[in-house]
Number of protein chains: 2
Amino acid sequence: MLAASTPTGTLHPVTTAARPYHHGNLREALLRAGERALEAGGAENLSLRELAREVGVSHAAPRRHFPDRQALLDALALSGWERLGATLEAAVLAAGDDFDARLLGLARAYVDVATRHPALVALMFATKHQAGASPALAAAGERALAPALAAVADGQAAGAVVPGDPEQVAIVAFAALQGLVALASNGMLDDTPLTAMLDDVVERLVLGLRPR
Amino acid sequence: MLAASTPTGTLHPVTTAARPYHHGNLREALLRAGERALEAGGAENLSLRELAREVGVSHAAPRRHFPDRQALLDALALSGWERLGATLEAAVLAAGDDFDARLLGLARAYVDVATRHPALVALMFATKHQAGASPALAAAGERALAPALAAVADGQAAGAVVPGDPEQVAIVAFAALQGLVALASNGMLDDTPLTAMLDDVVERLVLGLRPR
DNA sequence: ACCTGAACACCGTTCAAGT
DNA sequence: ACCTGAACACCGTTCAAGT
């Protein structure tokens with residue numbers, strides 16, 4: 001009875017265990033629903049009104065937490081970058097000190113995330129550097145990719161990688177992965193198992209990046 | 001007066017030089033306006049009603065030529081694949097018989113198209129293999145990429161490229177380009193000139209693809 | 001054969017007003 | 001501080017009807 005949804009006219013200080021008058025946790029609920037919607041239909045099919053309906057508030061309620069649709073997308077991308085950064089960091093740690101092993105570990109970790117959450121990763125990259133993106137978002141992207149940069153720099157110091165701006169070298173390597181994932185997401189790899197292809201790509205990357 | 005827009009009650013058999021009653025060329029006009037809209041704001045911001053307004057017909061008129069929005073996007077992608085195919089073919093012919101030169105030529109041609117028409121290229125890949133895509137579209141994509149496949153196969157025959165399924169080898173190379181273009185489109189290359197980076201990527205690709 | 005106009009069910013965004 | 005309801009200007013899609 002107390003937990004029912006009829007507003008019984010009693011005052012409700014700030015917190016109640018029952019169904020929400022003020023919902024109490026709307027921001028988090030919208031983000032969770034948003035991530036589901038993202039994976040279900042991509043960023044361009046995400047509807048704020050639909051999220052509000054799912055969560056059980058009026059269509060104008062999200063505005064308190066996200067001024068517009070883009071703000072919600074930015075928040076989703078930000079959280080994605082933060083989780084990716086942690087994943088890449090863990091991959092480097094698990095791989096030990098060898099450059100080839102690190103590159104393989106990073107590649108596998110990234111491809112794993114990108115194939116399990118393709119729409120989120122697409123959103124992350126689309127949002128990161130676009131005109132008028134929030135500085136916080138760009139910074140989160142930089143932080144997330146820092147482990148890969150550091151691995152390249154270490155590889156150069158150990159003589160396993162061609163010299164030059166680590167960022168440029170890393171981008172060359174990263175581009176190949178990014179492209180592979182894009183092709184996989186678009187179904188262009190058909191029957192070829194992604195993991196097999198991935199190891200092949202990484203092997204050729206290592207060869208291509210070795211000093212001559 | 002005759003060319004004015006007021007319908008003067010006279011009958012108009014089928015063709016008139018004045019302003020259109022039936023427009024006469026609506027399909028082409030929509031495609032042209034669609035390509036402009038695509039480059040201006042990406043596929044997800046393309047509005048059928050806006051195209052109809054630009055072209056000067058009612059919002060329901062496009063339906064005769066394109067049953068829905070996706071049909072217009074498919075037609076744009078199809079024309080993009082056809083033009084890309086011709087461009088890649090020309091690049092191979094211009095590059096002569098050497099594998100390295102062909103790969104560089106193909107890469108430059110593709111990157112040129114992809115940077116000048118990023119939204120169109122994104123649409124092409126997004127549409128090519130998606131669930132329920134028209135077979136004609138998939139076939140056009142295959143045809144467009146055939147010159148690159150052939151170049152790889154020739155390279156293998158000449159001993160310049162690792163053996164194996166040419167499609168798989170081509171995909172590895174193509175993935176790197178695709179990724180590079182994606183990064184460039186997203187502004188992640190910052191100040192680095194794309195052409196310089198491109199030549200570097202191709203050089204490393206050649207190295208990575210060489211038989212050991 | 002090709003196009004119009006009105007209608008329907010959706011959007012994102014805004015703003016006064018409620019508790 | 002947080003949310004609602006009504007309103008506005010847009011969509012894509014459908015369908016009868018016009019020429």
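Because the structure is a prediction, the values reported are computed rather than measured. In what follows, chains carry the letters A, B, and so on, assigned in the order in which the sequence lines appear, proteins first and then strands, with residues in each chain numbered from 1.
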Practice task
Go through D:dG5, C:dT4, C:dG5 for me and flag the one nearest to the B:His59 side chain.
Solution key: C:dG5
Fill in the blank from the handout: Taken to the nearest 0.5 Å, the spacing of B:Arg53 CZ from B:Ser58 OG works out to 11.5 Å
Problem - C:dT14 phosphate, OP1 or OP2, under 4.0 Å from A:Arg63 side-chain N/O - result: yes
Problem - Sugar-phosphate, base or nothing in reach of B:Arg53, heavy atoms under 4.0 Å - result: sugar-phosphate
Handout entry: Protein-nucleotide distance (A:Leu73, atom CG; C:dG12, atom P), rounded to Å
Key = 10 Å
Handout entry: Base-pairing assignment for C:dA17 (Watson-Crick or G-U wobble, both under 3.5 Å)
Key = none
Problem - Distance, nearest 0.5 Å, that separates CZ of A:Arg143 from CG of A:Leu84 - result: 12.5 Å
Practice task
Using a cut-off of strictly less than 4.0 Å, decide whether A:Arg64 has a side-chain nitrogen or oxygen near OP1 or OP2 of D:dA1.
Solution key: no
Problem - B:Leu31 side, atom CG; B:Leu38 side, atom CG - distance, nearest 0.5 Å - result: 11.0 Å
Handout entry: Presence of salt bridge, B:Arg108 and B:Asp112, under 4.0 angstrom
Key = no
Exercise for the section: Please state how far atom CZ in A:Arg69 lies from atom C1' in C:dC11, giving the value in whole angstrom units. Expected result: 10 Å
Exercise for the section: In plain terms, say whether B:Arg116 and B:Glu39 are close enough for a salt bridge, that is, a side-chain N and a carboxylate O under 4.0 Å apart. Expected result: no
Problem - Strand-adjacent residues in residues 32-50 of chain A, judged by heavy atoms under 4.0 Å from DNA chain C - result: A:Leu46, A:Ser47, A:Leu48, A:Arg49, A:Glu50
Handout entry: Sugar-phosphate only, base, or nothing, as touched by A:His65 at under 4.0 Å among non-hydrogen atoms
Key = sugar-phosphate
Practice task
Grab the CG-C1' distance between A:Leu30 and D:dC2 for me, whole Å please.
Solution key: 13 Å
Problem - Check: A:Arg83/A:Thr87 side-chain N/O donor and acceptor closer than 3.5 Å - result: no
Exercise for the section: Nearest whole angstrom, please: distance from the C1' of C:dC11 to the CG of A:Leu72. Expected result: 15 Å
Handout entry: Pair B:Asp154 + B:Arg102: basic N to acidic O under 4.0 Å
Key = yes
Exercise for the section: Just name whichever nucleotide pairs with D:dA9, Watson-Crick or G-U, keeping both distances under 3.5 Å, else none. Expected result: none
